[in-house]
Amino acid sequence: MAIQVTRQLAPSFGAQLDGVQISSNSDDSIIDAVRSLWGEHKLLLFRGQQVSEQDLVDFSRRFGELEIHVRTEYLSPKHPEILYVSNIKDGDKSIGILADTEVGWHYDQIYLARPAVGSLLCAVQLPDEGGNTYFADMAAAYDALDSEIKQKLDGRRATQSYEAFNRAYSVPTNDAQKKRSPDIDHPIIRTHPVTGVKALYLCPGMTTRIVGLDEAESRDLLDFLFEWTVRPEFVYVHRWQPGDCLMWDNACTMHRRDPFDQRFTRLMKRTTILPPPELATPF
Ligand SMILES: [Fe+2]
């Protein structure tokens, strides 16, 4: 079956694709088509997937080198390229990150020097309700800004903090992990390393400060931008179904998750796709 876009997910971005099975031996023609649709739509939904961990790793790797997540305690025991997002426990030990609470708006790994350009997240076990994932189109949000604000942001950088995110939504990192993820500054307006699209590269969950502005001015501008970027016209809410996988462009969309009742179990498996080394540093 040929690849087809069967549904636009939101006015400015997101597409459901039919005709793709995430697998270890997808044809080059499928991969090329997915790559191009991924750039065009920023968020792709694949439904009805049956994906082994090997499939997930092999398929993801066709789009770039894979990141081994800094939270090594939550990696798949057999495939360290896969991060478990889950509230399931093995005895006292959580097998995955982020449990059942709300997860605030963030870009995956914006706090690294070479942040990921993509993530592929597959549902394995889902709660009966809750745990929806929201995406914001940060390129559309940038485009719609007044030119005066665009000018104000032009050339500016902001500080990204994994520690701030963990304080609000997760558990602390250990000392070795802290060393791997210190606060870092990136451009606020990011040019996509592959498509060239410009997007707001900041997020309420991890962006703490605009560099070079005094504290109050930084706070005011960030508050304005955080509210602006999550206006309904820029946001898509995904209600997961069994067999769903979502692949997002992590250079121009951010996401958040609703909490869910702890009596349910939820297990999601994620790979994280890096940009080419020569385009590693956000610009
Ligand atoms: Fe995330």
Side-chain angles (χ1 to χ4, degrees), residues 5 7-17 34-45 63-64 104-111 115-119 132-160 184-213 217-238 246-257 273 275-276 279-283:
V5 174
R7 186 162 64 103
Q8 182 77 23
L9 302 180
S12 71
F13 75 126
Q16 180 179 334
L17 295 192
V34 170
R35 185 182 294 108
S36 153
L37 290 163
W38 184 35
E40 184 183 344
H41 295 281
K42 305 173 190 142
L43 171 67
L44 300 178
L45 168 61
F63 299 94
W105 286 104
H106 65 283
Y107 275 96
D108 288 337
Q109 305 191 332
I110 194 173
Y111 51 85
V117 286
S119 292
N132 301 323
T133 305
Y134 298 53
F135 290 87
D137 180 346
M138 300 296 269
Y142 170 72
D143 277 346
L145 282 174
D146 282 352
S147 54
E148 199 184 314
I149 297 175
K150 283 182 181 166
Q151 260 174 16
K152 200 168 181 180
L153 297 175
D154 192 31
R156 290 225 170 259
R157 299 169 74 80
T159 303
Q160 315 296 341
I184 192 167
D185 299 340
H186 287 310
I188 292 177
I189 302 168
R190 182 176 185 186
T191 304
H192 194 288
V194 178
T195 65
V197 162
K198 285 187 174 186
L200 285 168
Y201 198 53
L202 40 72
C203 53
M206 295 181 179
T207 308
T208 54
R209 184 80 192 250
I210 297 179
V211 179
L213 297 186
E217 205 182 349
S218 164
R219 192 67 267 153
D220 285 352
L221 189 48
L222 284 179
D223 286 347
F224 165 78
L225 291 167
F226 292 163
E227 224 179 288
W228 175 263
T229 50
V230 300
R231 288 161 67 112
E233 61 264 40
F234 306 132
V235 172
Y236 165 69
V237 184
H238 188 65
L246 281 176
M247 182 175 180
W248 61 88
D249 189 321
N250 195 57
C252 61
T253 70
M254 65 171 181
H255 54 282
R256 73 169 285 278
R257 183 190 77 187
I273 302 162
L279 297 168
T281 307
F283 55 90

What is the distance from atom [atom1] of [X] to atom [atom2] of [Y], rounded to the nearest 0.5 Å?
X	Y	atom1	atom2	result
Ile110	Gln160	CD1	CD	3.5 Å
Glu233	Asp137	CD	CG	10.5 Å
Leu202	Thr159	CG	OG1	11.5 Å
Arg35	Leu44	CZ	CG	12.5 Å
Ser119	Leu43	OG	CG	11.0 Å
Trp228	Phe234	CH2	CZ	5.0 Å

Requested in this report: Check the pair Met247 / Phe63 against side chain to side chain contact (heavy atoms under 4.5 Å, CB included), numbers first and verdict last.
Outcome: CA-CA 11 Å; Met247 182 175 180; Phe63 299 94; 3.7 Å; yes
For residues [X] and [Y], determine if any side-chain heavy atom of one lies less than 4.5 Å from a side-chain heavy atom of the other.
X	Y	value
His238	Leu9	no
Trp105	Phe226	no
Phe135	Thr133	yes
Leu45	Arg7	yes
Leu221	Leu153	yes
Val5	Leu17	yes
Tyr134	Val230	no
Val197	Tyr142	no

Quick check: closest heavy atoms across [X] and [Y], and the distance to 0.1 Å?
X	Y	result
Ala116	Asn250	O-ND2, 3.1 Å
Cys203	Met254	CB-SD, 3.7 Å
Thr191	Gly196	CG2-O, 3.6 Å
Trp38	Gly118	CZ2-CA, 3.6 Å
Lys42	Thr253	CB-CG2, 3.9 Å
Ala280	Pro275	CA-CG, 3.9 Å

Query raised in the report: Which salt bridge (charged side-chain N to carboxylate O under 4.0 Å, His left out) pairs, counting each pair once, include a residue from residues 185-206, with sequence neighbours left out?
Result: none
Query raised in the report: Is the backbone of Gly104 close enough, under 3.5 Å, to the side chain of His106 for a donor and an acceptor to pair up by distance?
Result: yes
Query raised in the report: Relative to the ring of His186, is the ring of Tyr201 parallel (under 30°), tilted (30 to 60°) or perpendicular (over 60°)?
Result: tilted
Report summary line: side-chain contact (heavy atoms from CB on, under 4.5 Å) with Met138: of Leu225, Thr229, Asp249, only one passes, and it is Thr229
Query - Between Asp108 and His255, a side-chain donor and acceptor under 3.5 Å - result: yes
Requested in this report: Taking only Lys NZ, Arg NE, NH1 and NH2, and the carboxylate oxygens of Asp or Glu, determine whether Lys150 and Asp154 approach each other closer than 4.0 Å.
Outcome: no
Requested in this report: Could you go through the side chain to side chain contact (heavy atoms under 4.5 Å, CB included) check for Arg156 and Leu213 one step at a time?
Outcome: CA-CA 9 Å; Arg156 290 225 170 259; Leu213 297 186; 3.5 Å; yes
**Report entry** Worked verdict on Asp223 versus Glu227 for side chain to side chain contact (heavy atoms under 4.5 Å, CB included)
**Finding:** CA-CA 6 Å; Asp223 286 347; Glu227 224 179 288; 5.8 Å; no
